[in-house]
Amino acid sequence: MTKAFYPGSFDPVTYGHIDIIKRAAKLFDTLDVGVLNNSEKLPLFSVEERVKMLERICEDIPNVHVLSYSGLLAEYTLKSGTDVIIRGLRAVTDFEYELQMSQTNRKLNPGVDTIFLTTSLEYAYLSSSIVREVAYYGGDVSNFVPEFVAETIYKKFSGKN
Ligand code: ADP
């Protein structure tokens, strides 16, 4: 059994993340999607809201489970018996940080490897921060996130949520 873990902020989840989740779910026996509970960052959505959105997206993928975690990723992977960390790579700009992170995590937990999935070309430009910015100014985000996620973002910005 190979246990994979896909950590991230997912603030909010985008089609880029969903693409990585679907592809990773095919490669590994189980895939946990972990929403980082980071007290230093001020997110748009609470951890509970982000977990809920991801759960709805993943409900039809039987080997995917959504959870939240806090603290060091290496420690979490040790505790949970994770074999593989999944990260998505969009462009060279992602690479330097991701390389450093994966080497640090391996130093702290030699039992874990990071596997990078390169983004599908149609999502290479896509990030949660771009989605937040476009939605903030009332722009159309329907090409970036599922319909129900778009509605949740607009509600959040209009103060109804
Ligand atoms: P973090 O704050 O941990 O970078 P994100 O939610 O921004 O959290 O991203 C989580 C992971 O998903 C990262 O590995 C990131 O590179 C990847 N990712 C984000 N957007 C895309 C995308 N459009 N295509 C492929 N991977 C992506």
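Start at 1 and go down the list; that is how both ligands and their atoms are numbered.
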Aromatic ring pairing Tyr76/Tyr69, orientation class (parallel under 30°, perpendicular over 60°, tilted between): tilted

Passing option when Ile115 is tested against Asp83, Leu27, Ile85, Val84 for side chain to side chain contact (heavy atoms under 4.5 Å, CB included): Val84

Enumerated ligand 1 atoms positioned under 4.0 Å from heavy atoms of Gly8: 3 (O), 8 (O), 10 (C)

Atom 14 (O) of ligand 1 - nearest protein heavy atom and its distance: Gly88 N, 2.9 Å

Per-residue contact class, Tyr6 against ligand 1 - non-hydrogen pairs under 4.0 Å: side chain

Heavy-atom neighbours of Tyr125 OH exceed 12 at 6.0 Å: yes

Atom 21 (C) of ligand 1: nearest protein contact (heavy atom, Å): Arg90 CD, 3.6 Å

Salt-bridge present (Lys3, Asp29; N to O < 4.0 Å): no

Proximity to ligand 1 by part of Leu126, non-hydrogen separation under 4.0 Å: both

Heavy atoms of other groups near Phe148 CZ, more than 12 under 6.0 Å: yes

Nearest protein heavy atom with distance in Å, relative to atom 2 (O) of ligand 1: Ser9 OG, 2.7 Å

Residues Asp19 and Ser120: side-chain donor-acceptor under 3.5 angstrom: yes

Protein heavy atom at shortest distance from atom 6 (O) of ligand 1: Phe10 N, 2.9 Å

Per-residue contact class, Lys41 against ligand 1 - non-hydrogen pairs under 4.0 Å: side chain

Thr14 touching ligand 1 at heavy-atom level, < 4.0 angstrom: no

Nearest-neighbour protein heavy atom for atom 7 (O) of ligand 1, which is reported as residue plus atom name and distance: His17 NE2, 4.2 Å

Within-cut-off N or O pair, Tyr123 and ligand 1, under 3.5 Å: yes

Cluster check Tyr123, Val131: I/L/V/M/F/W/Y, side chain < 4.5 angstrom: yes

Among Ile130, Thr14, Val149, Val134, side chain to side chain contact (heavy atoms under 4.5 Å, CB included) partner for Val141: Val134

Under 3.5 Å side-chain donor-acceptor pair for Asp11 and Ser9: no

Atoms in ligand 1 flagged as close to Arg87, the criterion being non-hydrogen separation under 4.0 Å: 1 (P), 3 (O), 4 (O), 10 (C), 11 (C), 13 (C), 14 (O)

Protein heavy-atom partner closest to atom 24 (N) of ligand 1 - residue, atom, separation in Å: Thr119 OG1, 3.0 Å

